[in-house]
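Notes for the one structure printed next.
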Amino acid sequence: WRPDGEVPALLYGLSIFVMYYNQQRDEGADIPIAIELAYGATINHPVISKLIASKTGAAIDGAAGV
């Protein structure tokens, strides 16, 4: 399953972040460390990284007038 559209992808990313955060807290990580690790894992998730890449590419193309 892959989210179709920006809002579903962002909601999916939020749920992934919460999942990774809870995993880190269950393993005994402190709150700031758990947030940092969850952020890194979320950004590296294929669906989220593809969304970020497409938005970055669109912003660059828009700035370049393409």
Side-chain angles (χ1 to χ4, degrees):
W1 179 82
R2 293 186 190 259
D4 185 26
E6 185 175 336
V7 173
L10 291 174
L11 292 174
Y12 183 63
L14 178 62
S15 66
I16 291 171
F17 178 83
V18 170
M19 179 191 72
Y20 286 131
Y21 172 79
N22 286 331
Q23 283 179 347
Q24 294 302 319
R25 291 294 288 155
D26 288 344
E27 293 175 8
D30 291 333
I31 292 172
I33 301 298
I35 290 172
E36 193 172 314
L37 293 172
Y39 174 75
T42 303
I43 294 297
N44 288 323
H45 190 278
V47 172
I48 304 306
S49 64
K50 185 181 280 188
L51 173 70
I52 292 169
S54 70
K55 289 296 176 185
T56 302
I60 291 171
D61 287 347
V66 176

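The first residue of the sequence shown is numbered 1, and numbering continues consecutively from there.
Open room surrounds CD on Glu36; 12 or fewer heavy atoms of other groups in view lie less than 6.0 Å from it.
Contact of the Lys55 side chain with the Glu6 side chain is registered, since non-hydrogen atoms from C-beta on lie closer than 4.5 Å.
In terms of heavy-atom proximity, Gln24 sits nearest to Leu37 at OE1-CD1, 3.2 Å. Shown here for Ala29 and Ile33, the closest heavy-atom pair between the two residues is CB-CG2, 4.3 Å. Of all heavy-atom pairs between Thr42 and Gly13, the closest is CG2-O, 3.6 Å.
Ile43 and Leu51 end up in different hydrophobic clusters when Ile, Leu, Val, Met, Phe, Trp and Tyr side chains are linked at under 4.5 Å. Taking hydrophobic clusters as Ile, Leu, Val, Met, Phe, Trp and Tyr residues chained together by side-chain heavy-atom distances below 4.5 Å, Val47 does not share a cluster with Val7. Residues Leu10 and Tyr39 do not share a hydrophobic cluster, defined by chaining ILVMFWY side chains whose heavy atoms lie under 4.5 Å apart.
Taken from OH in Tyr21 to CG in Asp26, the straight-line distance is 10.0 Å, to the nearest 0.5 Å. Distance check: Leu11 CG to Ile16 CD1 gives 11.0 Å after rounding to the nearest 0.5 Å.
Ring centroid separation for the pair Tyr20 and His45 does not come in under the 6.0 Å cut-off.
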